[in-house]
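Working notes, structure below.
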There are 2 protein chains.
Amino acid sequence: MSGYARLTPDEEALLRQVTARPVAVPARAELVRDGEAAPRPQVLVEGWACRQRLLADGRRQIVVVLLPGDPIGFDLRRRSLSFGSVTTLTPALVCEAGALRERAASRGTPPDRETGLAAALRQAREMEEIWLVNQVVRLGRQTAYERVAHFLLELRERLAAVDRVQENRFSFPITQEVLADALGLSVVHMNRTMQQLRRDGLVEQRATAITLRDVPALASIADYAGAHGP
Amino acid sequence: MSGYARLTPDEEALLRQVTARPVAVPARAELVRDGEAAPRPQVLVEGWACRQRLLADGRRQIVVVLLPGDPIGFDLRRRSLSFGSVTTLTPALVCEAGALRERAASRGTPPDRETGLAAALRQAREMEEIWLVNQVVRLGRQTAYERVAHFLLELRERLAAVDRVQENRFSFPITQEVLADALGLSVVHMNRTMQQLRRDGLVEQRATAITLRDVPALASIADYAGAHGP
DNA sequence: CGGCGCCTTGACTGGATTCAACCGCAGTGG
DNA sequence: CCACTGCGGTTGAATCCAGTCAAGGCGCCG
């Protein structure tokens, strides 16, 4: 799951053990309350979730989408700051993972040589920061069409990293309403934008799966430079 | 500067020593190149800077604004990911701060008891993440008017933390073009929105300083809940 | 004076939201 | 069995917030 760093055999064993007995959680379940100072560390094993924030009048903004393999709530927060609540978008499988954090923190002689788990968690944080930056650029400076293209490419790359993409086709279990809340659009405009992408032959959607039919074209539209630099 | 955690006397001495001889840097200077894996750790002592990303066609999005006291480039990145480049927005004073990072990393017995400096840097990262989340919500779900109000309140709070606000008045040395690139607006619309805020008696601008004349009203417009929770 | 950076203004355009309605489908219960 | 309901997707029309284009003003400085 957290394939971000080389783990020692016993770290891998611990990871396997921790994720062996996942708990089923329905859609729209809150995994971390907003502002919680000491959330329970968890790993999302199956299903999609998100970090989101609500405005007083009901508007919702999804800050990042969380996919299978992503760690949740590993950072202890000093004060109770509003990082947004973590909520499932689909039915999901989740694991309690306090043991991972403890193991990551122990073992270190001085921190100059950190454990594999600590490195993996650090890397996971880094990736989440990248997704946040991507999100800011999408929302701030891209059109609806570009935003969707960019977001789909990011999803493809992240899902490919956990081996859930086959020939640019992957499961896509969220409604257009959720997509709209992620990309800062209205549902209606989200719908029209998806239709445009389909009409242009760039994506194909069937049931709960999506296929990116022309990744280079999408990348050019979205000005997308994958995670591996320029 | 990094008043985020209690420092030991010698940590404070080191901090003072490191920030004693700042280097002057002109506006529009690049402090960290985009994608740089091992940036030089620095502290912004005076002036404003930002993390930004450019699109291929020249559009610019400012991801976060950096203010006096903020650390820059302290995180070692594994791969060369695009976090955006760090660039000064005004003439600035900057300090090389590698010594701080080394000191923060050493000294730890096991990491269960981290140094004051390490705690401060961790806290600084947390705050930056909050600002990112705020930015996403502003760009995704708020109108121009709300965005500006929200952003000004965030600036006030951050500047107050480093004692640069007097009676809701603080230095505001950036152009409307920069503001526009931060808030995802065009310069023209930025201008009109500022005018509206002035006409409504919410802010007052003279030269390079700004006064928030009605913080509660601004907070209500922007749905702003300061850093200290609800 | 002339040029430049920044702010300002007006007119026009357009991307996106809103409101409202309709459709197809799956689940559900009388 | 089938009306009823709810959800998600789809459409059209009207509206509006924000972008674009273009021009002018003002202060500063060489």
Side-chain angles (χ1 to χ4, degrees), chain A residues 26-28 48 55 57-62 88-91 137-151 171-200 203-210 221-222, chain B residues 26-28 48 55 57-62 88-91 137-151 171-200 203-210 221-222:
Chain A
R28 294 198 184 78
W48 291 23
L55 298 188
D57 59 5
R59 280 176 286 181
R60 167 171 82 154
Q61 178 61 44
I62 290 178
T88 52
L89 296 171
T90 70
V137 174
R138 277 192 294 257
L139 296 174
R141 280 296 178 229
Q142 296 197 291
T143 66
Y145 198 69
E146 294 166 340
R147 273 181 227 185
V148 180
H150 196 281
F151 186 63
S171 160
F172 195 69
I174 57 176
T175 67
Q176 295 187 346
E177 187 187 353
V178 169
L179 253 184
D181 282 340
L183 297 179
L185 300 170
S186 68
V187 188
V188 173
H189 197 56
M190 186 69 243
N191 181 293
R192 294 184 169 129
T193 306
M194 283 302 301
Q195 286 181 54
Q196 191 60 45
L197 283 166
R198 273 177 272 164
R199 257 180 270 129
D200 295 345
V203 313
E204 193 178 323
Q205 228 179 333
R206 276 207 323 277
T208 66
I210 197 168
I221 288 164
Chain B
R28 293 197 186 79
W48 291 23
L55 298 187
D57 60 4
R59 281 176 286 181
R60 166 170 82 154
Q61 178 62 45
I62 290 178
T88 52
L89 295 171
T90 69
V137 174
R138 277 193 294 257
L139 296 175
R141 282 292 178 233
Q142 295 197 293
T143 66
Y145 197 70
E146 293 166 340
R147 275 182 226 184
V148 178
H150 196 280
F151 185 64
S171 160
F172 195 68
I174 57 177
T175 67
Q176 294 188 349
E177 186 187 354
V178 169
L179 252 184
D181 282 340
L183 297 180
L185 300 170
S186 68
V187 188
V188 173
H189 197 57
M190 187 69 242
N191 181 292
R192 294 187 167 126
T193 307
M194 283 302 302
Q195 285 180 55
Q196 191 60 46
L197 284 166
R198 272 177 272 164
R199 255 180 273 128
D200 295 346
V203 313
E204 194 177 322
Q205 228 180 333
R206 275 209 323 276
T208 66
I210 196 169
I221 288 164

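Quick caveat, the model's predicted, so the values are computed rather than measured. Proteins come first, then strands; the chains are lettered A, B, ... in the order of their sequence lines, and each starts at number 1.
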Between [N] atom [atom2] and [X] atom [atom1], what is the distance in whole Å?
X	N	atom1	atom2	value
B:M194	C:dT9	CE	P	13 Å
B:L89	C:dC6	CG	C1'	16 Å
A:L197	D:dG9	CG	P	15 Å
B:L139	C:dA16	CG	P	14 Å
B:E146	D:dC17	CD	P	11 Å
A:L179	C:dA16	CG	P	15 Å

* Quick one: does B:R141's side chain get under 4.5 Å of A:L139's, heavy atoms only? ->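 With C-beta onward as the side chain, the pair stays apart.
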
* To do: Check B:T193, B:L185, B:I174 against B:L179 for a side-chain contact (heavy atoms from CB on, under 4.5 Å) and give me the one that passes.
  =>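 The side-chain contact (heavy atoms from CB on, under 4.5 Å) with B:L179 is passed solely by B:I174 among B:T193, B:L185, B:I174.
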
Measuring to OP1 and OP2 of [N], would you say a side-chain N or O of [X] lies under 4.0 angstrom away?
X	N	value
B:Q176	C:dG5	no
B:R198	C:dT8	yes
B:N191	C:dT8	yes
B:Q195	C:dT9	yes

* Straight-line distance of A:M194 CE to A:Y145 OH, nearest 0.5 Å ->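 A:M194 atom CE to A:Y145 atom OH measures 10.5 Å (nearest 0.5 Å).
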
* CG on B:L89 to CG on B:D181, rounded to 0.5 Å ->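 The CG atom of B:D181 sits 10.0 Å away from the CG atom of B:L89.
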
Can you pull every protein N or O that's under 3.5 Å from an N or O on nucleotides 18-25 of chain D?
from: D:dA18; atom 1: OP1; to: B:A144; atom 2: N; distance (Å): 2.9
from: D:dA18; atom 1: OP2; to: B:H189; atom 2: NE2; distance (Å): 3.2
from: D:dA18; atom 1: O5'; to: B:H189; atom 2: NE2; distance (Å): 3.4
from: D:dG19; atom 1: OP1; to: B:S186; atom 2: N; distance (Å): 3.3
from: D:dG19; atom 1: OP2; to: B:S186; atom 2: N; distance (Å): 3.1
from: D:dG19; atom 1: OP2; to: B:S186; atom 2: OG; distance (Å): 3.0

* Minimum-distance pair of heavy atoms, taken over all atoms of A:N191 and A:Q176 ->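 In terms of heavy atoms, the two residues are closest at ND2-OE1, 3.0 Å.
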
Could you pull out the protein-nucleic contacts involving nucleotides 23-28 of chain C (nitrogen or oxygen on both sides, under 3.5 Å)?
none

* For B:R206, does the CZ atom have more than 12 heavy-atom neighbours from other residues, nucleotides or ligands under 6.0 Å away? ->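 Open: at most 12 neighbouring heavy atoms sit under 6.0 Å from CZ of B:R206.
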
* Check the pair A:R60 / A:V178 against side chain to side chain contact (heavy atoms under 4.5 Å, CB included), numbers first and verdict last. => CA-CA 9 Å; A:R60 167 171 82 154; A:V178 169; 3.7 Å; yes

* side-chain hydrogen bond (donor to acceptor under 3.5 Å, both in side chains) with A:E177: which residues, sequence neighbours excluded? ->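 side-chain hydrogen bond (donor to acceptor under 3.5 Å, both in side chains) list for A:E177, sorted by chain: empty.
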
* **B:Q195-B:R198 side chain donor-acceptor pair, cut-off 3.5 Å** =>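 B:Q195 vs B:R198: no donor-acceptor pair found between side chains.
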
